[in-house]
Protein chains: 2
Amino acid sequence: MSRKLLEQNGICPVATTIDLLSSKWKVLIIRDLLPGTKRFSELKISVAGISQKMLTQSLREMEEDGLVVRQVFAVVPLRVEYSLSTLGQSMRPVIDSMADWGSFYLDKNPDKRKALLEQ
Amino acid sequence: MSRKLLEQNGICPVATTIDLLSSKWKVLIIRDLLPGTKRFSELKISVAGISQKMLTQSLREMEEDGLVVRQVFAVVPLRVEYSLSTLGQSMRPVIDSMADWGSFYLDKNPDKRKALLEQ
DNA sequence: CTGCATCCATCACGATACTG
DNA sequence: CAGTATCGTGATGGATGCAG
């Protein structure tokens, strides 16, 4: 309900951000591209658990939204690199605040951290 | 894939945050509870577009996660108020950073803002 | 008013197989 | 290596009706 969300909530800035981050994978992709350029195969590994389909799809949408830059190298085997655009880089504070809160939460709930580790 | 996300990404703080914010509705609910307590029916209106089912479901999960406090008043008609717990309040910086970025984005892309308004 | 239960449509997503 | 295409399934979420 990405676009629908915005329609119904007017032009709420929060909704706008959520809209562009529709998939949770996108947040993790940005997190992993923040340090620098990565290849498709590298992202596939660092964004643990993501399927090839979802990775491709997410990257395409993020490229359309101007968050990510795709660079293809005409070599064999093919090499494709992804990096954050200036706009993508500007999301750093958002990701950082999420990381901060997550750390805070995990510190405050060592039991949950433990529960997660034991799963 | 909420829990799965965490399993596969270890104890990444970012993933932890996303995990608790699984539904987009939850972010909007927090946004609307940040200013203060609200009744169920008020949330139903302010979180435009949300169905009763999703509102109830989201609130229940957030209550379990300790983000939201539910207070029932034994009156007729029934009155139920929701507010953010201390933990919920602590998410303010996250929501704020999203709001900041959203505003920044909309300012930079007046065309998209316009497009959204014309939909 | 606040919510739960149910039915049902849609689609997000994973698995698999194939290509430049 | 980095995709595209297809299929199948479970989860998501809306609509409706009922209840404390």
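This one's a predicted model, so the numbers in the text were calculated from it and none came from an experiment. Within every chain, numbering begins at 1; the chains are lettered A, B, ... in the order of the sequence lines, protein sequences first and strands thereafter.
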For the CZ atom of A:F40 and the CD1 atom of A:I45, what is their distance to the nearest 0.5 Å?
11.0 Å
Measure from CZ on A:R79 to P on D:dA2 and round the result to the nearest Å.
8 Å
d(CD, A:Q71; P, D:dA2) in whole Å:
13 Å
side-chain hydrogen bond (donor to acceptor under 3.5 Å, both in side chains) against B:K26, all qualifying residues, sequence neighbours excluded
B:S22, B:E61
Output the rounded distance in Å from CD (A:E81) to P (D:dA2).
9 Å
Applying side-chain hydrogen bond (donor to acceptor under 3.5 Å, both in side chains), can you list everything that pairs with B:T37, at least two apart in sequence or on another chain?
none
If an axis is fit to five pairs at each end of the helix from C:dC1-D:dG20 to C:dG20-D:dC1, what is the angle between the two, to the nearest 10°?
50°
Which nucleotides of nucleotides 3-10 of chain C have their base under 4.0 Å from a protein heavy atom (B), which only their sugar-phosphate (S), and which neither (-), written as one string 5' to 3'?
BB-BB---
Side-chain contact, heavy-atom cut-off 4.5 Å: B:W101 with A:P93?
no
Measure CG/B:L55 against C1'/D:dA15 and give the value in whole Å, please.
16 Å
Provide, to the nearest angstrom, the distance between the NZ atom belonging to A:K44 and the P atom belonging to D:dG3.
12 Å
Under 3.5 Å, which donor-acceptor pairs link side chains of residues 50-57 of chain A to any protein atom two or more places apart or in another chain?
from	atom 1	to	atom 2	distance (Å)
A:S51	OG	A:M54	N	3.2
A:T56	OG1	A:Q52	O	3.0

Rounding to a whole Å, what distance do you find between A:I50:CD1 and C:dA12:C1'?
13 Å
In Å, rounded to the nearest 0.5 Å, how long is the span from OG1 of B:T17 to NZ of A:K24?
12.0 Å
Give the rounded distance in Å between these two atoms: CG of A:L43 and C1' of D:dA2.
12 Å
Should B:C12 and A:R31 count as side-chain neighbours, where that means a heavy-atom distance under 4.5 Å?
yes
May I ask you to verify if any side-chain N or O of B:R39 is less than 4.0 angstrom from the OP1 or OP2 atom of C:dT2?
yes
Measure the shortest side-chain to side-chain distance between B:R39 and B:V80 over non-hydrogen atoms and say whether it is less than 4.5 angstrom.
no
Would you please confirm or rule out a distance under 4.0 Å between OP1 or OP2 of D:dA15 and any side-chain N or O of B:S51?
no
Where each residue is assigned the nucleotide of DNA chain C containing its nearest heavy atom, which of A:S23 and A:L78 is assigned the position nearer the 5′ end?
A:S23
Options C:dC1, D:dA2, C:dG14, nucleotide nearest the side-chain atoms of A:M54:
C:dG14
Is there any salt bridge (charged side-chain N to carboxylate O under 4.0 Å, His left out) pair reaching into residues 67-91 of chain B, and which pairs are they, with sequence neighbours excluded?
B:R79-B:E81
